[in-house]
Amino acid sequence: MSIHVKFGVSTWLWTSPFSSETLSLLPKIKEFGYDVVEIPVEDPALIDIPVVKQALSDNGLEAVICGAFGTSRDFTNEDPSFHKTSFDYLDQCFEIAAGLDAKFVAGPMYSAVGKARLVSPEQKKIEWNRAVTNLRIVCQTARKFGLDIALETLNRFETDLINTCEELMRLIADINEPEAKVILDGFHMNIEEPNPEAAIKLAGDKLIHFQVSENYRGTPGTGITPWDAYKRGLEAINYQGVISIESFTPDVKELAGAVCIWKPLVPSQDGFAKEGLEFLKSWASS
């Protein structure tokens, strides 16, 4: 059975941060056969909404907006100034998403990426409750823009708060706002989920975005990712959103350091994008 989806690719595959200069990638992304470009918002000030919108239109591409949650963007921090920084940043992300006709802002916005420690159950509960309280407010803001938020699980090396879809669904239940939805990333699932198919089914109709690469962050189809399980799960929930390749280049040192990519994964980032899409289209239609 085929799954009927659109295909996207993150500009992180080539460069960081996203800016007006990144728009030079769009003709190539369209030429390769993608429908969607995934725009990571590291610095909102670098994104000129009218210019980006025109470039998307000129190239027949849609946008998905993903947030970047460094140390200062942390809803679980005890210091409320970190919460304000996060709210202000997400407000800008919502403005960008609405301006580019995107449907949601995605990412692990509950906490700072890299905040991974062994804490007491009492401390974890405190931080969990901070995330819930703050994300309720984020959902209410998203609603004003007509948007959802897609919350992402991360592996244990990148966060200690939400590692599995089961934990994420508990968080969403506690937030209890209709705008709280799910993004799953196969790279993190390959580390944390005993049963990826079951995780996708658990997300169900809350799943609004799906990111993929290989188990080693390389080109789809070249590793040991359980693609059959992914497909069974996506078929079961009648997923019709975007499947997007997310990986990185070691040429951008700061980003490569953050995701621990110390060497090239492929001879060519363009080859990664082209061959990865060819595999995904064959996989989805088989």
Side-chain angles (χ1 to χ4, degrees), residues 2-42 46 52 55-56 58-66 68 106-107 152 155 158 183-191 196 209-231 234 241-286:
S2 297
I3 49 176
H4 303 288
V5 295
K6 294 180 178 180
F7 296 99
V9 63
S10 172
T11 58
W12 266 337
L13 188 64
W14 292 274
T15 190
S16 169
F18 187 96
S19 69
S20 295
E21 293 181 4
T22 313
L23 298 177
S24 63
L25 290 171
L26 300 194
K28 178 165 56 180
I29 289 170
K30 183 63 177 180
E31 179 187 348
F32 290 165
Y34 287 95
D35 311 294
V36 176
V37 58
E38 195 173 287
I39 297 175
V41 181
E42 293 170 81
L46 297 177
V52 176
L56 290 166
D58 290 346
N59 291 282
L61 290 166
E62 299 174 23
V64 164
I65 302 301
C66 293
E152 181 180 5
N155 69 73
E158 298 185 35
I183 169 179
L184 292 176
D185 182 328
F187 173 77
H188 302 295
M189 292 172 69
N190 283 338
I191 297 172
H209 194 52
F210 195 66
Q211 291 177 326
V212 295
S213 61
E214 266 302 341
N215 58 290
Y216 65 101
R217 281 286 194 198
T219 309
T222 63
I224 58 171
T225 291
W227 294 102
D228 288 347
Y230 287 4
K231 191 174 181 190
L234 294 170
V242 176
I243 295 177
S244 185
I245 292 177
E246 184 194 56
S247 191
F248 309 91
T249 170
D251 294 336
V252 180
K253 301 306 179 187
E254 182 177 357
L255 184 60
V259 296
C260 302
I261 291 179
W262 312 121
K263 59 186 178 183
L265 299 175
V266 291
S268 157
Q269 298 303 110
D270 285 358
F272 190 136
K274 290 170 66 176
E275 293 161 20
L277 181 59
E278 289 169 3
F279 169 81
L280 290 175
K281 286 186 171 181
S282 174
W283 161 77
S285 62
S286 62

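Since we're looking at a predicted model, the values are computed, not measured. All residue numbers refer to positions in the sequence shown, counting from 1.
- Nearest heavy-atom pair across V36 and A63 is CG1-C, 4.3 Å.
- Contact detail for G8 and V242: the closest heavy-atom pair is N-CG1, 3.8 Å.
- L23 places a side-chain heavy atom less than 4.5 Å from the side chain of F18.
- Panel note: side chain N155, backbone H188; no donor-acceptor pair is recorded below 3.5 Å.
- No side-chain N or O of W14 forms a donor-acceptor pair with one of D251 less than 3.5 Å apart.
- Using a 4.5 Å heavy-atom cutoff, the side chains of V37 and L56 are in contact.
- Between atom OG1 of residue T219 and atom CD of residue E275 there is a gap of 6.0 Å, rounded to the nearest 0.5 Å.
- Between E42 and W12 the shortest side-chain heavy-atom distance falls below 4.5 Å.
- Closest approach of G107 to I183, counting heavy atoms only: N-CG2, 4.2 Å.
- L46 has its side chain out of reach of T22: every pair of non-hydrogen atoms, C-beta onward, lies at least 4.5 Å apart.
- At least one side-chain heavy atom of V212 sits under 4.5 Å from a side-chain heavy atom of I245.
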Determine, step by step, whether N59 and I29 satisfy the side-chain contact (heavy atoms from CB on, under 4.5 Å) criterion, reporting the C-alpha distance in whole Å, the side-chain angles of both residues, the deciding distance to 0.1 Å, and the verdict.
CA-CA 9 Å; N59 291 282; I29 289 170; over 6 Å; no
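- By the 4.5 Å heavy-atom criterion applied to side chains, S10 and Q211 are not counted as neighbours.
- Here the CG atom belonging to L13 is positioned 8.5 Å from the CG atom belonging to D270, to the nearest 0.5 angstrom.
- Proximity of the aromatic rings of F279 and W227 is defined here by a centroid distance below 6.0 angstrom, and this criterion is met.
- Shown here for L265 and G218, the closest heavy-atom pair between the two residues is CD1-N, 4.3 Å.
- Here the CD atom belonging to E158 is positioned 9.0 Å from the CG atom belonging to D185, to the nearest 0.5 angstrom.
- Proximity of a side-chain donor or acceptor of N215 to a complementary backbone N or O of I224 within less than 3.5 Å is detected.
- No more than 12 heavy atoms of other residues, nucleotides or ligands lie within 6.0 Å of NZ in K6, so this atom counts as exposed by the packing criterion.
- Nearest approach of K231 to W283, heavy atoms of both residues: NZ-O, 3.2 Å.
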Tell me, with the steps shown, if R217 and F272 meet side-chain contact (heavy atoms from CB on, under 4.5 Å).
CA-CA 11 Å; R217 281 286 194 198; F272 190 136; over 6 Å; no
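- Annotation: the span from E246 atom CD to E152 atom CD amounts to 6.5 Å, rounded to 0.5 Å.
- Closest heavy-atom contact between Y34 and A273: OH-O, 2.6 Å.
- Across T225, T222, N190, a single residue satisfies side-chain hydrogen bond (donor to acceptor under 3.5 Å, both in side chains) together with E214, and that is T225.
- Annotation: the span from D58 atom CG to L26 atom CG amounts to 9.5 Å, rounded to 0.5 Å.
- Side-chain N/O atoms of E38 and S244 include a donor and acceptor closer than 3.5 Å.
- Proximity of a side-chain donor or acceptor of S285 to a complementary backbone N or O of K281 within less than 3.5 Å is detected.
- No more than 12 heavy atoms of other residues, nucleotides or ligands shown are found within 6.0 angstrom of NZ on K274.
- Taken from CD in Q269 to CZ in F248, the straight-line distance is 11.0 Å, to the nearest 0.5 Å.
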What verdict does the side-chain contact (heavy atoms from CB on, under 4.5 Å) test give for L234 and V5, after you've listed the backbone C-alpha separation in whole Å, the side-chain angles of each residue and the deciding distance to 0.1 Å?
CA-CA 10 Å; L234 294 170; V5 295; over 6 Å; no
